[in-house]
Amino acid sequence: MSAYEVNFDGLIGPSHNYGGLSDGNLASATHAGAVSNPREAALQGLEKMRTLLQQGLIQGVLPPLPRPNFDFLVSAGFHGTDAQIIESAARVAPHLLKAAYSASNMWTANAATVSPSADTADGRLHLTTANLSTMLHRSIEHPDTTATLITLFDNEECFAVHSALPMHSDFADEGAANHVRLCAEHGAMGVELFVYGRQAGESTVGFPARQSLLASEAIARSHGLDGTRAVMARQSAAAINAGAFHNDVVCVGALDTLFFHELAFEDTSGTLEAIRRAADGLFELKPVMVSNADVPIEDAIKSYLFNSQLLQIPGQDRLVLVAPVEAQEMDSTRAFCERMVDGNGPIGHVEFVDVRQSMRNGGGPACLRLRVVMTETEIDACHQGVLLDDQAIDELQDVVRATYRDRLAPADLADPAFADECRTAREQLLAVLDLESLA
Ligand code: SUG
């Protein structure tokens with residue numbers, strides 16, 4: 001059956017700020033406390049969506065979650081009116097207020113893990129919301145994310161939306177950022193590669209390993225994947241400790257191509273061998289490995305070369321890598337890209353996009369999108385308001401220009417009036433997407 005890869009980008013919310021909240025994410029630590037520009041951030045994200053739409057791809061969007069998250073603040077013991085809650089949280093627990101305000105659901109690669117209907121036993125498209133249990137500010141996303149997914153994929157014949165796994169570190173799950181689907185063509189049965197950083201119960205040294213093997217196995221089971229087509233691979237400790245807090249910071253795959261850094265996996269040849277075994281009879285794997293000599297892991301992580309979208313663009317015979325401009329500005333990664341496209345490998349073009357506001361919090365082009373491979377029937381069955389055309393992007397940008405600040409410092413979160421501003425902005429965005437029910 002023919003199918004399309006639909007990219008659901010996160011629409012960057014009005015409270016985008018640099019909280020320094022993510023241990024192990026070097027960009028987040030480096031920019032902690034800096035002044036952000038939520039307006040520019042959202043416009044950059046929307047321009048990326050427009051770029052892909054104009055190349056003939058189907059572009060979806062996921063709306064920002066309500067921020068601040070008052071449920072979280074109330075469960076942390078704050079009470080009274082909204083203004084009283086904010087004022088007392090700002091006074092006694094500013095770190096909790098920052099968590100409640102984080103716009104981190106913009107990185108929709110962490111929203112869920114998705115298995116297309118071609119891979120699942122019941123022939124439905126399965127989505128499991130990520131519990132994001134490792135980082136406090138991200139652990140509060142999943143109830144609203146599940147509600148959003150249920151609204152968007154509201155057809156039980158086509159879709160199965162699973163709630164997040166148990167909130168325990170043994171089940172730590174960060175969604176599609178640690179999941180790669182490989183196949184001959186989008187609509188054909190594929191191989192799903194799950195990359196984990198630790199086993200349940202295992203404690204690791206250094207930066208946190210955010211994905212557990214138990215979580216990946218649970219998802220493969222509940223999605224009804226054929227065990228011989230699902231591969232579990234361990235992320236290398238060297239990559240995690242160099243700042244690759246998700247596998248998608250050092251690896252991206254699409255169709256039959258896996259583009260990855262030499263240090264991405266604990267056992268590179270074993271991982272490639274396992275993928276080849278699982279792909280037997282389906283497709284021939286094309287690995288594109290970047291050596292540490294060509295691109296040192298530090299450069300890969302700083303530039304986010306691998307946190308790119310690897311896309312099949314209509315009319316192009318080779319794949320296109322949509323990479324952050326930071327990878328063009330760094331000598332080693334730019335030189336590598338030039339050599340790669342001059343060669344005759346599976347990646348024939350690199351397009352650089354500016355998502356700098358998100359990058360400063362460790363979120364490149366790949367973090368900003370959730371890939372959902374969908375048949376035509378499934379596309380028709382999902383909520384149509386989130387499938388964008390040029391006009392919808394214009395309308396969203398108009399709302400952003402009218403309602404978002406262009407300067408947000410950490411201290412601004414203490415102002416109760418900012419919460420009203422965020423609510424107004426979100427309501428207007430939801431109206432454009434025909435999603436008033438989520439307000
Ligand atoms: O979880 N940054 C996110 C970045 C997520 C990137 N996603 C993927 N690689 N798929 C994170 O670390 C920083 C927020 C702050 O510090 O304000 C943050 O949450």
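Along the sequence shown, the residues carry numbers beginning at 1. Whatever order the structure lists them in is the order used to number ligands and atoms, beginning at 1.
Nearest protein neighbour of atom 11 (C) of ligand 1, counting heavy atoms only, is Ser22 OG, 3.4 Å. Distance from atom 15 (C) of ligand 1 to its nearest protein heavy atom, with residue and atom name: Asn361 OD1, 3.3 Å. For atom 10 (N) of ligand 1, the nearest non-hydrogen atom of the protein is Asp248 OD2, 2.7 Å. The single protein non-hydrogen atom nearest to atom 17 (O) of ligand 1 is Gly19 N, 2.8 Å, given as residue, atom name and distance. If you check which protein heavy atom lies closest to atom 8 (C) of ligand 1, you get Cys367 SG, 2.8 Å.
Side chain to side chain, Ser104 and Glu141 meet the donor-acceptor criterion of an N or O pair below 3.5 Å. One side chain, His16 or Gln357, offers a donor N or O that lies under 3.5 Å from an acceptor on the other. Between the side chains of His223 and Thr128, at least one donor N or O lies within less than 3.5 Å of an accepting N or O. Between the side chains of Glu378 and Ser117, at least one donor-acceptor pair of N or O atoms lies under 3.5 Å. Using modelled atom types and a 3.5 Å distance limit, the side chains of Ser115 and Glu192 yield a donor-acceptor pair. Side-chain contact of Asp406 with Asn37: a donor-acceptor pair under 3.5 Å is absent, judged by distance alone.
For His137, the closest heavy-atom approach to ligand 1 falls below 4.0 Å. At a 4.0 Å cut-off, at least one heavy atom of Asn17 sits close enough to ligand 1 to count as contact. Contact annotation: Lys98 has no heavy atom less than 4.0 Å from any atom of ligand 1. Residue contacts with ligand 1 leave out Met135, since none of its heavy atoms falls under 4.0 Å from the ligand.
Just one residue in the list Lys302, Arg334, Arg356 forms a salt bridge (Lys or Arg N to Asp or Glu O under 4.0 Å) with Glu329, and that residue is Arg356.
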Do Thr146 and Thr129 pass the side-chain hydrogen bond (donor to acceptor under 3.5 Å, both in side chains) test, and can you show the C-alpha distance, the side-chain angles, and the key distance before you say yes or no?
-> CA-CA 6 Å; Thr146 300; Thr129 306; 2.8 Å; yes
Carefully, step by step, assess Ser358 and Gln44 under the rule side-chain hydrogen bond (donor to acceptor under 3.5 Å, both in side chains).
-> CA-CA 9 Å; Ser358 165; Gln44 286 173 346; over 6 Å; no
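Annotation for ligand 1: atoms under 4.0 Å from non-hydrogen atoms of Ala109 are 10 (N). Set against the non-hydrogen atoms of Ala177, the atoms of ligand 1 under 4.0 Å away are 10 (N). Listed by number with element, the atoms of ligand 1 under 4.0 angstrom from any heavy atom of Gly362 are 4 (C), 6 (C). Interface of Asn110 with ligand 1, defined as ligand atoms under 4.0 Å from a residue heavy atom, comprises 5 (C), 6 (C), 7 (N), 8 (C), 10 (N). With ligand atoms numbered from 1 in the order given, ligand 1 contributes 15 (C), 16 (O), 17 (O) to contacts under 4.0 Å with heavy atoms of Gly20. For ligand 1, the atoms closer than 4.0 angstrom to any heavy atom of Ser28 are 13 (C), 15 (C), 16 (O).
The residue from Arg369, Arg210, His31 that puts a heavy atom closest to atom 1 (O) of ligand 1 is Arg210. The heavy atom nearest to atom 3 (C) of ligand 1, out of those in Phe306, Trp107, Tyr304, is found in Trp107.
Looking at Arg318, its side chain does come within 3.5 Å of a backbone N or O of Gly345 through a donor-acceptor pair.
Note on ring orientation: taking the six-membered ring where Trp is involved, the planes of His261 and Phe306 are perpendicular (angle over 60°, cut-offs 30° and 60°).
The residues Arg360 and Glu40 are annotated as not salt-bridged, no charged nitrogen and carboxylate oxygen being separated by less than 4.0 angstrom.
Here's the thing with Leu21: one of its N/O atoms is less than 3.5 angstrom from an N/O atom of ligand 1. Residue Tyr18 has no nitrogen or oxygen atom sitting less than 3.5 Å from a nitrogen or oxygen atom of ligand 1, judged on distance alone.
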